[in-house]
Novice: 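Pasting a structure below so you can have a look.
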Amino acid sequence: MTPARRWFRRLLWLFPPSFRRARQAALERLFLDLQADRPPRGGLATLTFWLAIVTDAVTGAAAEWLAVARRAASTFVIRPGVPMSAIVASVRHAVRQLVRQPLYSGTIVLLVATGIAGNAAVFRIFDGLCLRTLPFDDPGRLVDVDETAPEWNLEFANVSITDFHDWREENSTFEGMTALTTSGDNVATADEARRVTTLTATHDVDDVLRLVPQLGRFFSEAEDQPNGPPVVMLSDAFWAEVYGRDPAVIGRTLRFGQTSREIVGVLPPEAARVVAADVWLPLAEDDESSFYLRVIGRLKPGVTVEQARADLDAIHARHIPERDVNRVTSPTVMLLRDRYLGTDRLGGVVLFGAVAIVLLIACGNIAGLMLARSMARSQELGLRAALGASRGRLVLHILAESLVLALVGGAGGLALSVWGSDALVGLLKDQLPAFIGFDLDWRFVAFVAAATIGTAVVAGIVPALRASRAAVGVAATSRTTASRVTRRAMAGLVTGEVALATLLLATSGFALVDLRAVGRIDPGFRTEGVLTFRVSPDEARYPTAADRQAFWARYRARLEAIPGVDAVSTATIMPLMGHSGWFFEAEGSTSESERNVVVLRRWVDPGYFETLGVPLRQGRTFDDFDGRTGDGVAIVNESFVRTHLGSTSSPLGHRIRLGEHMPWLTIVGVVADTKHYGIDQPSRPGVYEPSRQNPNRLGGHVAL
């Protein structure tokens with residue numbers, strides 16, 4: 001079979017099955033005759049031919065489906081004796097009745113709209129966290145590769161470049177493996193200078209994630225080497241904003257500080273789902289000591305996560321003789337979604353369940369209102385039954401009202417849910433990986449439609465059945481019997497609502513208790529009246545440490561002159577921002593365990609502790625003279641005292657250092673612990689050094 005005939009046969013799937021069974025063979029013969037009569041020309045003639053074929057197929061299929069629908073409508077019955085016309089008549093009557101009672105109708109529409117809006121908004125989050133596949137080709141084989149170090153009290157320590165190279169070159173279970181990390185830099189275009197987010201990655205990132213550039217190419221292996229050719233790739237958004245999607249951008253240069261990089265490619269839009277970075281650079285890294293890389297691997301077909309982990313464990317163990325740190329660290333392999341959404345997915349399920357209960361309670365309220373209204377209409381319904389209306393017709397009549405109210409409420413709920421879900425997504429998008437998407441699509445609309453119809457059925461079926469039964473009772477016996485049946489139904493609804501509300505209140509109560517407990521945790525620093533932001537001086541304008549010191553001095557002076565600013569200070573890392581883990585040892589200590597404690601190291605300016613309101617426990621804070629002489633000083637937090645200096649009577653005057661080849665630092669003060677890895681997470685040991693002690697570690701974050 002020729003490719004053209006295969007494509008034509010696929011077009012025939014647009015038609016109803018009965019039509020295909022009757023006429024597919026004849027249509028295929030007609031297509032072959034038309035193709036044979038067409039002159040053998042390509043290009044525009046071929047495009048015109050196929051455009052005519054597709055147009056005829058689409059219009060013909062639409063006409064056939066419409067004919068099928070008409071035939072079905074003309075013969076449709078709910079049950080013998082209830083044709084389609086009865087449904088239409090019931091809907092029309094329901095609309096007239098509801099318009100005459102705006103308060104009743106408006107109340108139910110409001111209940112439906114709010115219930116569906118809450119469920120739809122949370123479904124959008126639930127869909128992104130739990131249901132939606134990752135936006136990559138064959139995402140089930142993508143895994144996160146990391147290192148764990150229990151002796152360092154780190155569940156995830158990131159990966160060193162040395163371990164990455166060993167794993168990538170020696171494994172037998174991965175189809176590919178890429179390392180990447182994010183940062184920021186200043187770039188200068190022909191018109192302006194701007195701050196950009198950068199992603200640095202190995203040259204095989206495109207193979208692992210299966211990305212195809214819009215223009216140009218990805219990095220080469222030669223460019224992904226130390227001192228390799230300086231190149232850069234632009235994101236789709238950066239290309240559009242700065243270069244107006246100019247295709248001639250390839251070959252131009254973009255200046256990063258004192259380095260000019262050649263633009264070799266433009267990334268596809270889906271690359272933003274890896275990391276929302278403006279530009280991509282080759283990793284070209286040779287720092288063998290630091291653990292800072294994020295690694296993504298693509299498993300070979302049929303390989304499990306457990307097999308891949310065992311493979312990397314064996315490689316890691318083989319290199320212990322040459323790298324003793326491999327005794328402390330070990331590789332971990334997890335599916336990409338599980339690595340970043342393990343706890344968030346459970347939270348999404350719980351939240352979705354909670355709002356589903358709210359919708360059920362709303363359905364109970366609606367059913368109660370409809371039952372109460374049916375009691376008032378018992379004579380009308382009884383009269384209908386007496387005139388010959390079957391119980392099925394009465395059920396249809398009441399369900400039609402429920403459906404009309406649900407559809408109006410569902411339309412309002414859809415509009416509210418889009419607005420509400422946008423607000424939720426705005427709160428979450430900066431806390432989750434970029435590859436987690438919350439786009440509005442057909443599943444969102446389908447959920448709203450299903451929730452609307454489900455609400456109509458759940459809220460209307462009990463009133464419809466009870467009211468129809470009561471109406472038949474009124475026609476046959478007395479109103480008292482019918483009212484008793486309706487009251488029992490209302491009592492059952494109230495009981496169910498109370499049970500659901502109790503469950504929801506109990507769950508919410510536990511959540512509020514936890515939230516209140518978190519709110520009472522002292523973060524260790526002032527949270528009100530403090531503004532923090534990041535500043536990165538351009539390396540081209542401030543190439544030396546002296547230039548950068550002069551810049552920060554002028555910048556702080558200008559900030560201090562602003563009315564209302566009481567204090568200004570800078571630091572390399574502010575609380576709850578970033579990580580810089582190091583290993584310190586105390587003078588005279590022989591404990592090996594304390595040397596495996598990860599310490600958060602920060603360089604700060606004088607006035608830092610006063611600006612952030614960090615309490616001083618012992619000694620003093622930094623002054624303008626610290627760091628000017630050769631004698632190094634440091635301030636430690638209380639956790640550091642417990643882990644490294646617990647046996648000393650006073651930590652002041654004791655000396656600490658990074659290693660045997662590093663200079664000693666004298667402790668001049670002890671400050672309170674500050675929360676850094678989360679308000680609900682324990683504090684870690686920390687060391688502060690004055691910025692002047694290392695001019696290359698000046699500023700970065702500003703607090704005032």
Novice: Working to the nearest 0.5 angstrom, can you tell me the gap between Ile250 CD1 and Gln214 CD?
Specialist: 10.0 Å
Novice: For atom CD of Glu170, is the number of surrounding heavy atoms from other residues, nucleotides or ligands below 6.0 Å larger than 12?
Specialist: yes
Novice: Contact between Leu12 and Phe19 at the side-chain level, heavy atoms closer than 4.5 Å - yes or no?
Specialist: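 No, their side chains stay 4.5 Å or more apart.
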Novice: Once rounded to the nearest 0.5 Å, what's the spacing between atom OG1 of Thr178 and atom CG of Asp206?
Specialist: 8.5 Å
Novice: Just do the side-chain contact (heavy atoms from CB on, under 4.5 Å) check on Met334 and Val305 with the steps written out, would you?
Specialist: CA-CA 7 Å; Met334 300 176 64; Val305 170; 5.7 Å; no
Novice: Between Phe218 and Leu267, is any pair of side-chain heavy atoms under 4.5 Å apart?
Specialist: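 Yes, at least one pair of side-chain atoms sits under 4.5 Å.
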Novice: Is there a side-chain contact between Val231 and Pro282 in this structure, where contact means two heavy atoms from C-beta onward sitting under 4.5 Å apart?
Specialist: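 The answer is yes; the side chains approach within 4.5 Å.
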Novice: For Glu175, is there an ion pair with Arg210 - N to carboxylate O distance below 4.0 angstrom?
Specialist: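 Yes, Arg210 and Glu175 are salt-bridged.
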Novice: Quick one: closest heavy-atom pair of Val418 and Arg124, and the distance?
Specialist: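 That would be O-NH1, 4.1 Å.
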Novice: Decide side-chain contact (heavy atoms from CB on, under 4.5 Å) for Thr197 and Phe238; before the verdict, give the C-alpha distance in whole Å, the side-chain angles of both, and the deciding distance to 0.1 Å.
Specialist: CA-CA 10 Å; Thr197 304; Phe238 189 83; over 6 Å; no
Novice: Please determine whether side-chain contact (heavy atoms from CB on, under 4.5 Å) holds for the pair Asp278 and Glu241, giving the CA-CA distance in whole Å, both sets of side-chain angles, and the decisive distance to 0.1 Å.
Specialist: CA-CA 10 Å; Asp278 299 306; Glu241 180 182 355; 5.9 Å; no
Novice: Shortest non-hydrogen contact from Val448 to Ile116?
Specialist: CG1-CG2, 4.1 Å
Novice: What closest approach, in Å, do Leu281 and Phe219 show between heavy atoms, and which atom pair accounts for it?
Specialist: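 Scanning both residues, the minimum pair turns out to be C-CZ, 3.4 Å.
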Novice: When you measure from the side chain of Thr200 to the backbone N and O of Leu283, does any donor-acceptor pair fall under 3.5 Å?
Specialist: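 No.
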Novice: Can you tell me how far CZ of Phe123 sits from CZ of Arg443, rounded to the nearest 0.5 angstrom?
Specialist: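 Rounded to the nearest 0.5 Å, the CZ-CZ separation comes out at 6.5 Å.
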Novice: Just wondering, do Phe164 and Val145 contact through their side chains at under 4.5 Å, heavy atoms?
Specialist: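 Not in contact.
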Novice: Surrounding CZ of Arg23 (heavy atoms of other residues, nucleotides or ligands, distance under 6.0 Å), is the total greater than 12?
Specialist: no
Novice: Look up atom CG in Asp207 and atom CZ in Arg298, then write down how far apart they are to the nearest 0.5 Å.
Specialist: 10.0 Å
Novice: Taking atom CG of Leu234 and atom CD1 of Ile263, what is their separation to the nearest 0.5 Å?
Specialist: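 Taking CG in Leu234 and CD1 in Ile263, the distance rounds to 4.5 Å.
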Novice: Donor-acceptor pair, Thr202 side chain versus Ala179 backbone, under 3.5 Å?
Specialist: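 Here the side-chain-to-backbone pair exists.
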Novice: Give me the atom names and distance for the closest heavy-atom approach of Ser235 to Ala277.
Specialist: CB-O, 3.3 Å
Novice: Rounded to the nearest 0.5 Å, how far apart are CD of Glu223 and CZ of Arg217?
Specialist: 4.0 Å
Novice: With Trp280 as reference, evaluate Val232, Thr198, Val205 under the side chain to side chain contact (heavy atoms under 4.5 Å, CB included) test and give the passing residue.
Specialist: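 The passing option is Val205.
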Novice: Does Arg294 come within less than 4.0 Å of Asp146, counting only side-chain N to carboxylate O?
Specialist: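 Asp146 and Arg294: not salt-bridged.
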Novice: For side-chain contact (heavy atoms from CB on, under 4.5 Å), just list the numbers for Arg309 and Asp313, CA-CA rounded to whole Å, side-chain angles, deciding distance to a tenth of an Å, and then say yes or no.
Specialist: CA-CA 6 Å; Arg309 186 183 301 118; Asp313 278 336; 3.8 Å; yes
Novice: Quick check: closest heavy atoms across Ala308 and Leu299, and the distance to 0.1 Å?
Specialist: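 Minimum heavy-atom contact is CB-CD2, 3.6 Å.
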Novice: Can you see which heavy atom on Val208 is nearest to which on Met177, and at what distance?
Specialist: CG2-N, 3.4 Å
